[in-house]
Structures are given as C-alpha cells and as structure tokens.
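Notes for the one structure printed next.
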Amino acid sequence: MTPEDLAAAIAQAVDQALAAGQLSVGLDTEVVVERPKNREHGDYATNTAMRLAKANARSPRDIAQQLADRLRAVDGIEAVEIAGPGFLNIRLAAAAQGALVRTIAERGSDYGRTETLAGQTINLEYVSANPVGPVHIGHARWAAVGDSLARLIVATGATVVREYYFNDAGAQIDRFAASLDAVARGEPIPEDGYRGDYIVDVAAEVIKANPELLDEPREKTLEVFAHDGIELMFTAIRKSLSDFGVAFDVYFNEREMHASGAVEATVQKLREAGHVYEADGAVWLRTTDFGDDKDRVIVRSDGRPTYFCADLAYYVDKRERGADKVVILLGADHHGYVGRMRSLVSGLGENPDETLEIIIGQLVNIRGGKMSKRAGNLLTLEELVEAIGVDAARYALVRSSMDTTIDLDLDLWASQTSDNPVFYVQYAHARIASLLRNGAELGFPLPDLADIQLELLNHEKESELLGALGEFPRIVAAAAQFRAPHRVARYLEELAGTYHRFYDACRILPHGDAEPAPEMAPRLWLCEATRLVLANGLALLGVRAPERM
RNA sequence: GCCCCUGUAGCUCAGGGGAUAGAGCGCUACCCUCCGGAGGUAGAAGCGAAGGUUCGAAUCCUUCCAGGGGCACCA
C-alpha cells in the first residue's frame, strides 16, 4: 500500500461518513498523509479529522473516532489510533507495506513519475548567457537547476520545452565586436568593453579565418568580428553546457526575431491595446497602469526597440508556439525585471499570474581552492567542472534552495570523502550494486518477484526503509510543483542514510556456506528497490548513479 | 529612499500551518570473527528581536535589527 493508496482510503472513509450522515461537510482539499517523525505515531498519520472539525462544528477527536472505525476495516491497515489533538495514527500490515517493493520493481525507472502536471505545456528558459563571454559560475547554477527542473516537470506528466534565448542583438554585441577589434589591432580595449583572455583568443581565431580583415574599413571589420565572434562564443557555450549534461530543445535567435518583424508586431499590439504614448521622441508603455513604479520605454528615440520590448515579443512567440506557461529562471541581479515583465504581459491583455512565472534565484560565491583567490575573471563552468567534476558540480548547485545564496566550497566538493554529500548518495548506490553482484556470484541472484514473501519484511529498519521509498513519488511531485529540485537531493541523502541503517541491522546475504534465511530473498528485492529509487532520483538531478566507485 | 532574498546547532544547510525542530561536518564516547567502515550507535548544542492571526507558527501578517542583491532610452 502506497501513501497514495492510503490517502484514497481515507478520502473514501470521509465520503462514507458523509453518506451515513456522520458528517455534514466534507474536505475542501486533498487528504494529507504524512510520515510521523516519531515511530510510535505509526507508519502514517493524517490530520483529516482536525481539518473537518471546524466546518462540522464537532470535536476533532470525535470525528477521528468515526473515521478510525471505518479505516480499521480497510484491507492492509493493521491499526488505527487517535492521538493528540485528533491525529489518526495508522499502522500498515507488514504485507501491505512490503507490497511497495513489488510496485517499485514493476515500475522500474518509471517509479516516481506521476501525472500531477499532466496536460500542461511549460516553456522553460534558463541560462541564456549572452554570446559575449564564456559560461561562468553565475550561469552554472541555472544550468544545473534548470535542467533538473525540466526533468522533474517531465516526470510529473507535463510537456517541457527547454529554451535558450540567444541574445545576438543589441549594444553588448557592439561592445563585444569593438573589444575584439581593439585587441586585434593592438589598441586598448574601450572603457565599456569586454576583457579577459578569451577576448584575445577569439580575436585571434577570427583573424585566422579572415587574414585580410584588418585591411578592410572599420565598419566592415566590426561586422565580421560581431558575426564570427558570436559564432565562436556560441559554439563554445554549447560545448561547455553539453559537457555539463545540459542541452536545449530550442535555441532562439533574438536577431531573427527582429528581422521577422515580430518585435514590430508586438509594439503594434500594445499600441492597439491603448497603453502606449510618445514622449521625448521615444515610445513608452504605461506600465504604471499595471503596478510598475514608472513607465518604460519600448522604442528608443533612435527607433531601436529596447531589450524588454524584444523580451515581450519573445514571450508572445513562446505563447504562440503552444506554451501554457512561460517560465524563466533568472539570477537575483535581474529581480527588477520581474515587475516590468509582468506589467508588459498585462499590457497585452494576458494574466501574468497564469501564464508567466519568473523564478529568481540567489547567486553563487566560491570559497576554497585556488580559484576563489583569482582577481578579476569569474570562474568559468569549464574550470568548475575541471576542479570538482560534473557530478559534484551539478549536485552542489542543485542541493540548495534557490532562495539561498550558495557558498561553494571547492575543497569540500572535490574531496572523495563522506563529507561530500554527492559521494554519500552515490556510495549508497554503488554499495547496493556491489551487494547484488556478490549475491549473484554466490548463487543468490534476485529471485522471481512472484516467489518472494514480502510480509517477511517486518523488521523496524525494513519498515523505515519501505516508508522512505514510498515517499519518493510525492517528493518528485512537490519538487516539480514548487520548482525546488533541491528537495530531491535532500531526500536522496536521507534515503541513503536510512538504507545504511537498514544494512547495518539486517543481514542480506548468508555468511559463508550458511543456508540463506527466508527473509533474505525479500531483502534482496528491498535492496534493488532502494537502488532503483536512488538511481531514479540521481537521474532527475543529472548525476550519475555508479555501479562501483 | 523603494523593491527582492536571507537570518534555524560551533560550521554548511533542510524544514511551504501540526505531535518532542532535523541532517552532514566538527566535538565527546563507542561498534570491525560481519555482505563495500566512503558505514553505523550514543551524547552535548539552535528557530535574529518584539508583537499579531490560529485549536496549533521556524512556517502566515506587521514592525525593528543584521547580511546579500537590485532600482537605465544596458542586457
């Protein structure tokens, strides 16, 4: 019996009580089933009776009593107790608990998937680093979190389009080209230009491909530097991300959008909606009508649209391509953008509460290692991966809530010890894989599921492990719904600990030549079920689940 | 000045209204005739402050204090 099955049974008990006239008002929300922290409170607990108390004007314990009587009759429920202010503490029969192993084994890599968000199409944009420099640590967090979030959303039944906005228009491109041009000519880089070793490398490559370039008029060289430089940067960016295990479904070109007239069309739409006025030679949108603190320019006095005008056109494009919801991951340094963008969307006559979700994440600081002491240049994604590896990097970046600023300790994440959380989780997986290999070699492969007696899994540590495994689908669903991949990481760490405690207390393979005890066959399957959940969870984070390490 | 995020154990962090607030590291004391000790057991130690809402608040609201980030006809 899974927690979901139990929740359904409780809901049914409520319905029966309603039908029997014991209750006059039902539940207005889903049944809440939780694992009590204290084992004496049973395998599961529900606050259903307390939630029903007020609307029915009855005492919670009184309602709990009636629900308990009905639940005791449910197959698989061994005991129901009323405790505290009106909790129902429920204990499952060992066989009902053990049956979870069969569920997990049968679903395999699908265990954890739900249909929670089925039917939705979500456009998820993240990273979108400008092609004027390498992917650095500031982007890496969104690469790790965004990719994991995409996997989570897929696991809850929704359709995801992973999107990268390739920002190849605007003033930063001009500054980038000017910087390359200056370096190539041996001139000082302009005040507002880009510095860094990569500028020198890119300039050299462009010159290599166009040996005569510097003989051309400056107008022409800037054009070539812009075009070829962006091309080179973009290739490098895609390679860094791909080496990091992150790929996108759509790489969207800003330049093409301008060329297609989509930006113009969006301005026209806003004009028709009546929120536009002209002042100081520029075109303004009256975003103050939608709660912004001041109006915003959408077309500059020189006739070029501003970046958020383009961003709005981009939003429209995503919606027209079928996105029910446009989700964008941004760093905290962009938080001022949220209100503006919401106002712009409102200006189009859409409801940003329903169609736009901008997730603001806090930034990443580096500690430890030699990288943190370097002046000037930011740590690049490539350097991060070189320092601690892809698994540790992804795990470290995805393990904290996005609301928390991360202080990344490179020495810790590079270490191959249990201090390092990613090793703790991967180790548990490798340990189980090794155990199953040993078992097969000793003549104890995983037996046929139909032949094992799952009710023998009645040891306290087995019960705790089963309980933890049963939580997985709800953890995944909540992580997707709250856009909080770190919950999966934290869960895996707990699961690894729960497994180690079980392992410490319960013998799985026989000693030497001894005959296997009857509970060993189901235990092997319990191990396999745990391994599957660890592997499925790590996959959602984009981290490998090693067979040995 | 205005806006956003954060403040939980010595350190790094979980905890999205429920029972006695958790984990890892560090510290103290333990467990190897035993399937991977990269493990486990036990212990000391905490919600920034003050109000409020609620049967019940680390969680929601208000104020204050402290730290971080932001407030362009740049992106």
Side-chain angles (χ1 to χ4, degrees), chain A residues 32 34 36-38 40-41 45 47 50-51 53-54 59-60 83-87 89 128 130 132 165 167 169-173 175 192 254 279-284 293-294 296-302 304-311 331-340 360-363 365 367 399-407 409 412 415-421 423-424 426-428 430-439 442 444 478 481-482 484 486-487 489-491 493-494 496-497 499-512 520 523 527 548-549:
Chain A
V32 176
E34 53 183 18
K37 283 165 237 161
N38 188 338
E40 287 164 21
H41 293 153
N47 61 2
M50 290 183 289
R51 298 169 68 96
K54 184 172 276 182
S59 96
F87 286 103
N89 292 338
S128 294
N130 289 340
V132 295
Y165 188 41
N167 217 300
Q172 88 271 1
I173 301 298
R175 294 205 303 270
D192 60 354
E254 181 184 1
D280 306 327
V283 181
W284 298 69
D293 48 4
K294 59 181 175 185
R296 306 289 170 174
V297 171
I298 53 173
V299 182
R300 283 176 273 235
S301 46
D302 63 5
R304 289 153 48 227
T306 58
Y307 73 93
F308 46 81
C309 184
D311 285 351
D333 49 341
H334 287 77
H335 107 268
Y337 177 86
V338 178
R340 257 170 278 168
I360 296 297
Q362 300 301 307
L363 305 177
N365 299 315
R367 296 191 319 181
R399 187 175 112 101
S400 297
S401 152
M402 278 187 275
D403 291 338
T404 306
T405 305
I406 295 182
D407 288 312
D409 183 339
L412 168 67
S415 74
Q416 314 238 324
T417 66
S418 59
D419 305 8
N420 185 340
F423 269 78
Y424 184 76
Q426 288 184 317
Y427 173 72
R431 192 184 208 186
I432 297 172
S434 161
L435 182 76
L436 294 170
R437 275 196 306 272
N438 290 347
L442 292 170
F444 305 107
Q481 194 182 339
F482 298 130
H486 74 278
R487 291 183 178 216
R490 301 297 175 150
Y491 165 79
E493 287 168 35
E494 261 178 56
Y499 177 77
H500 288 312
R501 283 187 285 279
F502 151 75
Y503 179 93
D504 203 58
C506 298
R507 185 78 205 179
I508 298 151
L509 294 172
H511 288 277
M520 286 179 178
R523 276 179 185 166
C527 289
R548 34 167 67 89
M549 48 196 291

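- Taking atom P in both B/C64 and B/C25, the straight-line distance is 41 Å, to the nearest Å.
- Look at B/C34: it lacks any Watson-Crick or wobble partner with both distances under 3.5 angstrom.
- Nucleic acid contact for A/N365: none, since no nucleic acid atom lies under 4.0 Å from a heavy atom of the residue.
- Looking at heavy-atom distances under 4.0 Å, A/A53 makes no contact with the nucleic acid at all.
- Taking 4.5 Å as the limit, some side-chain heavy atom of A/C527 sits within range of a side-chain heavy atom of A/Y499.
- Searching all strands for a Watson-Crick or G-U wobble partner of B/G7 with both distances below 3.5 Å returns B/C65.
- Counting only heavy atoms from C-beta outward, the side chains of A/Y503 and A/I432 never approach each other to under 4.5 Å.
- Contact annotation: side chain of A/R487 to base of B/G16, donor-acceptor pair present below 3.5 Å.
- Counting any heavy atom pair closer than 4.0 Å across all strands shown, A/H334 reaches a base atom.
- B/U53 makes up no base pair with any nucleotide shown, lacking Watson-Crick or G-U wobble contacts both under 3.5 Å.
- The A/K294 side chain lies nearest to B/A72 when the options are B/G16, B/G18, B/A72.
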For this session: Start with the C-alpha distance between A/N420 and A/Y427, add both sets of side-chain angles, then the distance that settles side chain to side chain contact (heavy atoms under 4.5 Å, CB included), and finish with yes or no.
Result: CA-CA 11 Å; A/N420 185 340; A/Y427 173 72; over 6 Å; no
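- Residue contacts shown for A/A282 include a base, since a base heavy atom lies under 4.0 Å away.
- Taking atom CG of residue A/D409 and atom C1' of nucleotide B/C13, one finds them 13 Å apart after rounding to whole Å.
- Remark: A/F87 pairs with no residue by the ring pair (Phe, Tyr, Trp, His ring centres under 6.0 Å) rule, at least two apart or across chains.
- Not a single side-chain hydrogen bond (donor to acceptor under 3.5 Å, both in side chains) links A/R501 to another residue, sequence neighbours left out.
- The residue A/S301 sits close to a base: some heavy atom pair falls under 4.0 Å.
- A/D302 places its CG atom 19 Å from the P atom of B/A72, with the value rounded to the nearest Å.
- Closest approach to the A/V297 side chain among B/C73, B/C55, B/G36 is made by B/C73 (side chain taken as heavy atoms from C-beta onward).
- Here the side chains of A/F444 and A/M520 are not in contact, with every heavy-atom distance at 4.5 Å or above.
- In a base pair of the Watson-Crick type (N1 to N3 plus N6-O4 or O6-N4) or a G-U wobble (N1-O2 and O6-N3), with each distance short of 3.5 Å, B/A21 is matched with no nucleotide.
- A/A83 comes within 4.0 angstrom of a nucleotide base, judged by non-hydrogen atoms across all strands.
- Separating the OH atom of A/Y499 from the P atom of B/A38 is a distance of 15 Å, rounded to the nearest angstrom.
- Qualifying salt bridge (Lys or Arg N to Asp or Glu O under 4.0 Å) partners for A/R304, counting only residues two or more places apart in sequence or in other chains: A/D302.
- Put simply, CD on A/Q426 is 13 Å from P on B/G39, counting in whole angstrom units.
- At whole-Å resolution of the value, CG in A/D280 and P in B/C73 are 10 Å apart.
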For this session: Go along nucleotides 2-9 of chain B 5' to 3' and tag each nucleotide: B for a protein heavy atom under 4.0 Å from its base, S when only backbone or sugar atoms are that close, - otherwise.
Result: -BSSS---
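- When distances are taken from the side chain of A/K54 to each of B/G69, B/A75, B/U54, the shortest belongs to B/U54.
- Picking from B/C73, B/G69, B/A19 the nucleotide with the shortest atom distance to the side chain of A/D333 gives B/G69.
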Problem set entry | Annotated protein contacts, base or backbone, on nucleotides 20-35 of chain B with a non-hydrogen cut-off under 4.0 Å, one of B, S, - each | B----S--------SB
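- Residue contacts shown for A/R51 are absent, as no nucleic acid heavy atom lies under 4.0 Å away.
- Among the atoms of the strands shown, base atoms are found under 4.0 Å from some heavy atom of A/R548.
- Summarising the geometry, the separation between CG on A/L412 and P on B/C13 is reported as 11 Å, rounded to the nearest angstrom.
- A/D333 meets the salt bridge (Lys or Arg N to Asp or Glu O under 4.0 Å) test with no other residue; sequence neighbours excluded.
- Set against B/A75, B/A38, B/G18, the side chain of A/Y427 has B/A38 as its closest nucleotide.
- Evaluation of the salt bridge (Lys or Arg N to Asp or Glu O under 4.0 Å) rule for A/D280 yields no partner, not counting sequence neighbours.
- Across all strands shown, the partner of B/C71 is B/G1, judged by Watson-Crick or G-U wobble contacts whose two distances both fall under 3.5 Å.
- The partner of B/G16 cannot be assigned: no Watson-Crick or G-U wobble pair with both contacts below 3.5 Å exists in any strand.
- For the salt bridge (Lys or Arg N to Asp or Glu O under 4.0 Å) test, residues two or more places apart in sequence or in another chain that qualify with A/R399 are A/E493.
- Out of B/A72, B/G39, B/A38, the shortest distance to the side chain of A/H500 is found at B/G39.
- Counting non-hydrogen atoms under 4.0 angstrom, A/A310 reaches nothing in the nucleic acid.
- Distances shown here put every side-chain N or O of A/H486 at or beyond 4.0 Å from the OP1 or OP2 atom of B/C13.
- Looking only at side-chain heavy atoms (C-beta outward), A/R51 and A/V32 come within less than 4.5 Å of each other.
- A/A169 pairs by the side-chain contact (heavy atoms from CB on, under 4.5 Å) definition with A/E254, A/H258, not counting sequence neighbours.
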